[in-house]
Amino acid sequence: VSAALADRVLAGDARAIARAITLIENEDAAGADLVRTIYGRTGRAFLIGLTGPPGAGKSTLVDRLIGDVRRTGKSVGVIAVDPTSPFTGGAVLGDRLRMQAHASDDAVFIRSMATRGHLGGLSRATADAALVLDASGKDIVVIETVGVGQDEVEIVRTADISVVTLVPGAGDDVQALKAGIMEIADIFVVNKADREGADRLVSSIEATLSLQTLEAGEWRPPILKTIATSGAGVSELMSAIELFRQSSAKPRGSLADRRRARGEARFRELLARRFVAYVEAEVLPPKAFESIVDRIASREIDPYTAVAEVLAGVLQLPNYQITKSPNS
Ligand SMILES: Nc1nc2c(ncn2[C@@H]2O[C@H](COP(=O)(O)OP(=O)(O)OP(=O)(O)O)[C@@H](O)[C@H]2O)c(=O)[nH]1
Ligand SMILES: [Mg+2]
(Lines give C-alpha, C1' and ligand atoms only; values in the text may rest on other atoms or scores of the structure.)
(Ligands and ions follow the chains in the order given, each with its own letter.)
Protein backbone atom coordinates (compact mmCIF):
# COMPACT_ATOMS: atom_id res chain seq x y z
CA VAL A 1 0.00 0.00 0.00
CA SER A 2 2.69 2.46 1.06
CA ALA A 3 4.81 2.04 -2.09
CA ALA A 4 1.79 2.62 -4.30
CA LEU A 5 0.83 5.66 -2.27
CA ALA A 6 4.39 7.02 -2.52
CA ASP A 7 4.30 6.58 -6.31
CA ARG A 8 1.04 8.46 -6.56
CA VAL A 9 2.39 11.24 -4.32
CA LEU A 10 5.47 11.52 -6.52
CA ALA A 11 3.17 11.75 -9.55
CA GLY A 12 1.43 14.71 -7.92
CA ASP A 13 -1.92 12.98 -7.37
CA ALA A 14 -3.93 15.30 -5.11
CA ARG A 15 -5.91 12.53 -3.42
CA ALA A 16 -2.72 10.65 -2.61
CA ILE A 17 -1.18 13.84 -1.18
CA ALA A 18 -4.25 14.36 0.99
CA ARG A 19 -4.15 10.74 2.18
CA ALA A 20 -0.43 10.97 2.95
CA ILE A 21 -0.88 14.12 5.01
CA THR A 22 -3.75 12.52 6.93
CA LEU A 23 -1.49 9.58 7.83
CA ILE A 24 1.15 12.05 9.01
CA GLU A 25 -1.38 14.07 10.96
CA ASN A 26 -2.61 10.93 12.74
CA GLU A 27 0.97 9.95 13.55
CA ASP A 28 0.32 6.68 11.71
CA ALA A 29 3.42 4.54 11.20
CA ALA A 30 2.55 4.39 7.49
CA GLY A 31 3.11 8.15 7.39
CA ALA A 32 6.67 7.76 8.63
CA ASP A 33 7.23 4.96 6.07
CA LEU A 34 6.00 7.20 3.33
CA VAL A 35 8.31 10.05 4.33
CA ARG A 36 11.18 7.57 4.35
CA THR A 37 10.31 6.47 0.82
CA ILE A 38 9.93 9.94 -0.69
CA TYR A 39 12.71 11.76 1.18
CA GLY A 40 15.27 11.28 -1.59
CA ARG A 41 12.96 13.09 -3.97
CA THR A 42 12.58 16.20 -1.82
CA GLY A 43 14.63 19.39 -1.59
CA ARG A 44 13.40 20.97 -4.80
CA ALA A 45 10.59 23.13 -3.45
CA PHE A 46 11.14 26.59 -2.01
CA LEU A 47 9.64 26.71 1.47
CA ILE A 48 8.01 29.93 2.60
CA GLY A 49 7.04 30.29 6.26
CA LEU A 50 4.42 32.94 6.95
CA THR A 51 3.50 33.83 10.48
CA GLY A 52 1.84 36.56 12.48
CA PRO A 53 -0.81 37.22 15.10
CA PRO A 54 -4.32 35.71 14.80
CA GLY A 55 -6.44 37.49 12.22
CA ALA A 56 -3.52 39.46 10.74
CA GLY A 57 -4.71 38.54 7.26
CA LYS A 58 -2.23 35.72 6.67
CA SER A 59 -4.62 33.47 4.75
CA THR A 60 -5.87 36.37 2.65
CA LEU A 61 -2.25 37.20 1.87
CA VAL A 62 -1.43 33.59 1.03
CA ASP A 63 -4.40 33.51 -1.32
CA ARG A 64 -2.96 36.53 -3.13
CA LEU A 65 0.50 34.97 -3.21
CA ILE A 66 -0.96 31.82 -4.77
CA GLY A 67 -2.41 33.99 -7.51
CA ASP A 68 0.96 35.61 -8.17
CA VAL A 69 2.81 32.28 -8.15
CA ARG A 70 0.30 30.76 -10.57
CA ARG A 71 0.76 33.65 -12.99
CA THR A 72 4.40 32.62 -13.31
CA GLY A 73 3.29 29.08 -14.16
CA LYS A 74 4.67 27.54 -10.96
CA SER A 75 2.75 25.13 -8.75
CA VAL A 76 2.14 25.75 -5.07
CA GLY A 77 1.22 23.82 -1.95
CA VAL A 78 -0.11 25.45 1.21
CA ILE A 79 -0.27 24.14 4.73
CA ALA A 80 -2.34 26.33 7.03
CA VAL A 81 -1.90 25.30 10.60
CA ASP A 82 -5.46 24.83 11.72
CA PRO A 83 -7.08 27.95 13.13
CA THR A 84 -9.19 25.78 15.44
CA SER A 85 -6.04 25.07 17.39
CA PRO A 86 -6.33 26.02 21.07
CA PHE A 87 -4.11 28.99 20.31
CA THR A 88 -6.58 30.94 18.17
CA GLY A 89 -10.01 29.37 18.42
CA GLY A 90 -10.90 30.53 14.92
CA ALA A 91 -13.17 28.83 12.38
CA VAL A 92 -12.00 25.62 10.73
CA LEU A 93 -13.40 26.45 7.32
CA GLY A 94 -11.87 29.90 7.24
CA ASP A 95 -8.71 29.04 5.35
CA ARG A 96 -10.38 26.86 2.81
CA LEU A 97 -13.04 29.48 2.14
CA ARG A 98 -10.50 32.24 1.90
CA MET A 99 -8.44 30.30 -0.64
CA GLN A 100 -11.48 29.01 -2.51
CA ALA A 101 -10.49 30.85 -5.68
CA HIS A 102 -7.86 28.17 -6.30
CA ALA A 103 -9.91 25.13 -5.29
CA SER A 104 -10.26 23.81 -8.84
CA ASP A 105 -6.65 24.45 -9.87
CA ASP A 106 -4.65 21.20 -10.09
CA ALA A 107 -1.37 23.00 -9.55
CA VAL A 108 -2.55 24.27 -6.16
CA PHE A 109 -2.93 22.10 -3.07
CA ILE A 110 -4.25 23.61 0.15
CA ARG A 111 -4.49 21.83 3.43
CA SER A 112 -5.28 22.82 6.99
CA MET A 113 -3.54 20.85 9.70
CA ALA A 114 -4.69 20.32 13.24
CA THR A 115 -2.38 20.41 16.20
CA ARG A 116 -1.91 17.20 18.13
CA GLY A 117 -1.35 16.90 21.82
CA HIS A 118 2.34 16.10 21.96
CA LEU A 119 4.93 18.78 22.37
CA GLY A 120 6.62 19.28 19.03
CA GLY A 121 3.93 17.19 17.31
CA LEU A 122 2.75 20.11 15.26
CA SER A 123 6.11 21.13 13.88
CA ARG A 124 6.94 17.51 13.13
CA ALA A 125 3.69 16.90 11.24
CA THR A 126 3.99 20.21 9.41
CA ALA A 127 7.56 19.51 8.35
CA ASP A 128 6.57 16.06 7.06
CA ALA A 129 3.56 17.45 5.22
CA ALA A 130 5.85 20.00 3.58
CA LEU A 131 8.07 17.11 2.44
CA VAL A 132 5.05 15.43 0.86
CA LEU A 133 4.19 18.59 -1.07
CA ASP A 134 7.83 19.01 -2.06
CA ALA A 135 8.02 15.40 -3.33
CA SER A 136 4.75 15.85 -5.21
CA GLY A 137 6.51 18.43 -7.37
CA LYS A 138 5.13 21.68 -5.95
CA ASP A 139 7.57 24.47 -6.80
CA ILE A 140 6.59 26.61 -3.82
CA VAL A 141 5.36 25.41 -0.45
CA VAL A 142 3.82 27.93 1.95
CA ILE A 143 3.31 27.20 5.63
CA GLU A 144 0.96 29.57 7.44
CA THR A 145 1.07 29.57 11.24
CA VAL A 146 -0.11 31.81 14.01
CA GLY A 147 3.00 33.21 15.64
CA VAL A 148 2.26 32.53 19.25
CA GLY A 149 4.12 29.48 20.51
CA GLN A 150 7.54 27.89 20.33
CA ASP A 151 6.22 25.23 17.98
CA GLU A 152 5.09 27.84 15.49
CA VAL A 153 8.33 29.77 15.72
CA GLU A 154 10.18 26.52 15.10
CA ILE A 155 8.14 25.78 11.97
CA VAL A 156 8.82 29.16 10.46
CA ARG A 157 12.43 29.33 11.55
CA THR A 158 13.32 26.26 9.54
CA ALA A 159 11.66 27.47 6.31
CA ASP A 160 13.79 28.78 3.43
CA ILE A 161 12.35 32.22 4.10
CA SER A 162 10.37 33.59 7.04
CA VAL A 163 7.76 36.24 6.43
CA VAL A 164 6.40 37.91 9.55
CA THR A 165 3.06 39.67 9.21
CA LEU A 166 2.03 42.42 11.62
CA VAL A 167 -0.97 44.72 11.66
CA PRO A 168 -1.37 48.32 12.80
CA GLY A 169 -3.44 49.20 15.81
CA ALA A 170 -2.94 45.99 17.73
CA GLY A 171 -1.91 47.94 20.81
CA ASP A 172 1.65 46.88 21.34
CA ASP A 173 3.34 47.93 18.12
CA VAL A 174 6.02 45.32 18.03
CA GLN A 175 3.67 42.49 18.90
CA ALA A 176 5.91 39.77 17.59
CA LEU A 177 8.84 40.62 19.81
CA LYS A 178 7.46 38.55 22.64
CA ALA A 179 7.28 35.35 20.67
CA GLY A 180 10.89 35.74 19.58
CA ILE A 181 9.67 36.16 16.04
CA MET A 182 11.41 39.47 15.47
CA GLU A 183 14.72 37.65 15.21
CA ILE A 184 13.60 35.13 12.62
CA ALA A 185 12.00 37.50 10.10
CA ASP A 186 13.57 37.75 6.65
CA ILE A 187 10.77 40.01 5.49
CA PHE A 188 8.31 42.06 7.52
CA VAL A 189 4.86 42.67 6.15
CA VAL A 190 2.64 45.35 7.61
CA ASN A 191 -0.73 44.11 6.40
CA LYS A 192 -4.03 46.01 6.69
CA ALA A 193 -2.07 49.05 5.56
CA ASP A 194 -5.45 50.61 4.77
CA ARG A 195 -5.82 51.04 8.51
CA GLU A 196 -4.54 53.85 10.60
CA GLY A 197 -1.10 53.50 12.14
CA ALA A 198 0.58 51.51 9.37
CA ASP A 199 3.41 54.01 8.95
CA ARG A 200 3.89 54.21 12.69
CA LEU A 201 4.21 50.43 12.83
CA VAL A 202 6.76 50.49 9.98
CA SER A 203 8.83 53.05 11.92
CA SER A 204 8.63 51.04 15.08
CA ILE A 205 9.85 47.89 13.31
CA GLU A 206 12.62 49.95 11.71
CA ALA A 207 13.64 51.25 15.10
CA THR A 208 13.77 47.74 16.53
CA LEU A 209 15.75 46.50 13.54
CA SER A 210 18.24 49.34 13.80
CA LEU A 211 19.27 48.00 17.21
CA GLN A 212 20.54 44.84 15.56
CA THR A 213 23.98 45.04 14.02
CA LEU A 214 24.28 43.46 10.62
CA GLU A 215 27.45 41.85 9.37
CA ALA A 216 28.78 42.99 6.00
CA GLY A 217 26.74 41.47 3.20
CA GLU A 218 24.07 40.25 5.57
CA TRP A 219 20.46 40.40 4.43
CA ARG A 220 18.57 43.38 5.82
CA PRO A 221 14.90 42.45 6.32
CA PRO A 222 12.75 44.81 4.25
CA ILE A 223 9.47 46.11 5.67
CA LEU A 224 6.64 46.03 3.16
CA LYS A 225 3.12 47.37 3.39
CA THR A 226 0.25 45.29 1.99
CA ILE A 227 -3.52 45.35 1.78
CA ALA A 228 -4.25 41.67 1.31
CA THR A 229 -7.95 42.26 0.65
CA SER A 230 -7.21 44.44 -2.40
CA GLY A 231 -3.89 42.87 -3.36
CA ALA A 232 -1.95 46.11 -2.97
CA GLY A 233 1.74 45.50 -2.27
CA VAL A 234 1.56 41.77 -2.94
CA SER A 235 3.67 41.82 -6.10
CA GLU A 236 6.31 43.81 -4.17
CA LEU A 237 6.25 41.10 -1.52
CA MET A 238 6.68 38.46 -4.22
CA SER A 239 9.66 40.39 -5.62
CA ALA A 240 11.24 40.66 -2.18
CA ILE A 241 10.86 36.91 -1.68
CA GLU A 242 12.48 36.31 -5.06
CA LEU A 243 15.30 38.72 -4.26
CA PHE A 244 15.98 36.94 -0.98
CA ARG A 245 15.92 33.60 -2.71
CA GLN A 246 18.48 34.73 -5.25
CA SER A 247 20.75 36.57 -2.86
CA SER A 248 20.86 33.69 -0.42
CA ALA A 249 21.44 31.16 -3.17
CA LYS A 250 24.98 32.51 -3.60
CA PRO A 251 27.77 30.29 -2.29
CA ARG A 252 28.09 31.79 1.17
CA GLY A 253 24.35 32.19 1.33
CA SER A 254 22.09 31.24 4.17
CA LEU A 255 19.78 28.96 2.19
CA ALA A 256 22.14 25.99 2.32
CA ASP A 257 22.86 26.71 6.00
CA ARG A 258 19.18 26.82 6.73
CA ARG A 259 18.49 23.55 4.98
CA ARG A 260 21.33 21.97 6.89
CA ALA A 261 19.91 23.35 10.14
CA ARG A 262 16.52 21.94 9.17
CA GLY A 263 18.06 18.54 8.56
CA GLU A 264 19.90 18.69 11.86
CA ALA A 265 16.83 19.72 13.84
CA ARG A 266 14.79 16.88 12.32
CA PHE A 267 17.55 14.35 12.92
CA ARG A 268 18.07 15.37 16.54
CA GLU A 269 14.36 15.44 17.24
CA LEU A 270 13.71 12.02 15.69
CA LEU A 271 16.74 10.45 17.30
CA ALA A 272 15.72 11.76 20.72
CA ARG A 273 12.14 10.62 20.31
CA ARG A 274 13.04 7.15 19.03
CA PHE A 275 15.70 6.75 21.70
CA VAL A 276 13.29 7.59 24.49
CA ALA A 277 10.67 5.25 23.01
CA TYR A 278 13.28 2.50 22.76
CA VAL A 279 14.44 2.97 26.35
CA GLU A 280 10.88 3.04 27.61
CA ALA A 281 9.75 -0.04 25.70
CA GLU A 282 12.86 -2.22 25.37
CA VAL A 283 15.29 -1.34 28.10
CA LEU A 284 13.30 -0.51 31.21
CA PRO A 285 11.20 -3.21 32.84
CA PRO A 286 7.43 -2.78 32.55
CA LYS A 287 6.08 0.18 34.54
CA ALA A 288 9.60 1.39 35.40
CA PHE A 289 9.18 4.57 33.38
CA GLU A 290 6.03 5.52 35.30
CA SER A 291 7.62 4.63 38.60
CA ILE A 292 10.62 6.87 37.88
CA VAL A 293 8.22 9.68 37.00
CA ASP A 294 6.41 9.11 40.33
CA ARG A 295 9.68 9.20 42.26
CA ILE A 296 10.68 12.43 40.56
CA ALA A 297 7.28 13.95 41.36
CA SER A 298 7.54 12.94 45.02
CA ARG A 299 11.07 14.38 45.20
CA GLU A 300 12.51 10.96 46.03
CA ILE A 301 14.95 11.33 43.15
CA ASP A 302 15.93 14.31 41.00
CA PRO A 303 15.54 14.13 37.22
CA TYR A 304 19.30 14.46 36.57
CA THR A 305 20.10 11.45 38.71
CA ALA A 306 17.25 9.48 37.21
CA VAL A 307 18.50 10.16 33.68
CA ALA A 308 22.09 9.35 34.63
CA GLU A 309 21.01 6.02 36.10
CA VAL A 310 18.90 5.05 33.10
CA LEU A 311 21.66 6.07 30.69
CA ALA A 312 24.23 4.03 32.56
CA GLY A 313 21.92 1.06 32.23
CA VAL A 314 21.38 1.64 28.52
CA LEU A 315 25.05 2.09 27.70
CA GLN A 316 25.91 -1.28 29.18
CA LEU A 317 23.71 -3.06 26.69
CA PRO A 318 25.81 -5.30 24.39
CA ASN A 319 24.39 -3.67 21.26
CA TYR A 320 25.64 -0.27 22.31
CA GLN A 321 29.34 -0.15 21.41
CA ILE A 322 29.80 3.16 23.15
CA THR A 323 33.10 3.15 24.98
CA LYS A 324 32.90 6.59 26.56
CA SER A 325 31.87 6.63 30.18
CA PRO A 326 28.48 8.21 30.68
CA ASN A 327 30.09 10.80 32.95
CA SER A 328 32.48 12.17 30.34
N1 LIG B 1 -8.99 46.03 6.25
C2 LIG B 1 -8.30 44.95 5.92
N3 LIG B 1 -8.76 43.74 6.28
C4 LIG B 1 -8.04 42.66 5.95
C5 LIG B 1 -6.83 42.77 5.23
N6 LIG B 1 -6.31 41.53 5.07
C7 LIG B 1 -7.19 40.67 5.63
N8 LIG B 1 -8.23 41.34 6.17
C9 LIG B 1 -9.38 40.77 6.87
O10 LIG B 1 -8.96 40.29 8.13
C11 LIG B 1 -9.72 39.13 8.51
C12 LIG B 1 -8.79 37.99 8.87
O13 LIG B 1 -8.13 37.58 7.69
P14 LIG B 1 -7.42 36.17 7.57
O15 LIG B 1 -6.75 36.14 6.26
O16 LIG B 1 -8.34 35.06 7.91
O17 LIG B 1 -6.36 36.30 8.73
P18 LIG B 1 -5.40 35.14 9.31
O19 LIG B 1 -4.20 35.82 9.81
O20 LIG B 1 -5.22 34.06 8.31
O21 LIG B 1 -6.26 34.59 10.54
P22 LIG B 1 -5.98 33.26 11.42
O23 LIG B 1 -5.48 32.19 10.49
O24 LIG B 1 -7.30 32.94 12.04
O25 LIG B 1 -4.96 33.68 12.45
C26 LIG B 1 -10.63 38.83 7.34
O27 LIG B 1 -11.90 39.35 7.61
C28 LIG B 1 -9.97 39.56 6.19
O29 LIG B 1 -10.88 39.94 5.18
C30 LIG B 1 -6.36 44.07 4.87
O31 LIG B 1 -5.30 44.27 4.26
N32 LIG B 1 -7.14 45.12 5.25
MG1 LIG C 1 -5.47 31.94 8.50
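Start at 1 and go down the list; that is how both ligands and their atoms are numbered. Position 1 is the first residue of the sequence; numbering continues from there. Just so it is clear, the values below take in all heavy atoms, side chains as well, and ignore hydrogens, waters and symmetry mates.
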To the Mg ion (ligand 2), the closest N, O or S atom belonging to E144 is OE2
Please say whether [X] places an N or O atom under 3.5 Å from an N or O atom belonging to ligand 1.
X	answer
L61	no
P54	no
K58	yes
A56	yes

Sub-4.0 Å atoms of ligand 1 with respect to non-hydrogen atoms of [X]:
X	answer
V146	25 (O)
S59	15 (O), 18 (P), 20 (O)
A228	6 (N), 30 (C), 31 (O)

For this session: Taking only Lys NZ, Arg NE, NH1 and NH2, and the carboxylate oxygens of Asp or Glu, determine whether R8 and D13 approach each other closer than 4.0 Å.
Result: yes
Salt bridge or not for E269 and R266, using N-O below 4.0 Å? yes
May I ask you to decide if A56's main-chain N or O and N191's side chain share a donor-acceptor pair within less than 3.5 Å?
yes
task: Keeping the roles fixed (side chain from R64, backbone from T229), state whether a donor-acceptor pair exists under 3.5 Å.
output: yes
Exercise for the section: Could you verify whether a donor N or O on one side chain and an acceptor N or O on the other, from E144 and S59, lie under 3.5 Å apart? Expected result: yes
Fill in: No-hydrogen, no-angle side-chain donor-acceptor test under 3.5 Å, T60 and D63
no
The residue among I140, V141, I110 that forms side-chain contact (heavy atoms from CB on, under 4.5 Å) with V78 is I110
So, is T60 placed with an N/O/S atom under 2.8 Å from the Mg ion (ligand 2), counting both backbone and side chain?
-> no
*If Ile, Leu, Val, Met, Phe, Trp and Tyr residues are connected whenever their side-chain heavy atoms lie under 4.5 Å apart, and connections chain through other members, are L50 and L243 in the same group?*
yes
Quick look: I227 vs ligand 1, heavy-atom contacts under 4.0 Å, and the answer is both
With heavy atoms and a 4.0 Å threshold, my read on which part of D194 contacts ligand 1 is side chain
Among T51, T60, V62, the residue with a heavy atom nearest to atom 15 (O) of ligand 1 is T60
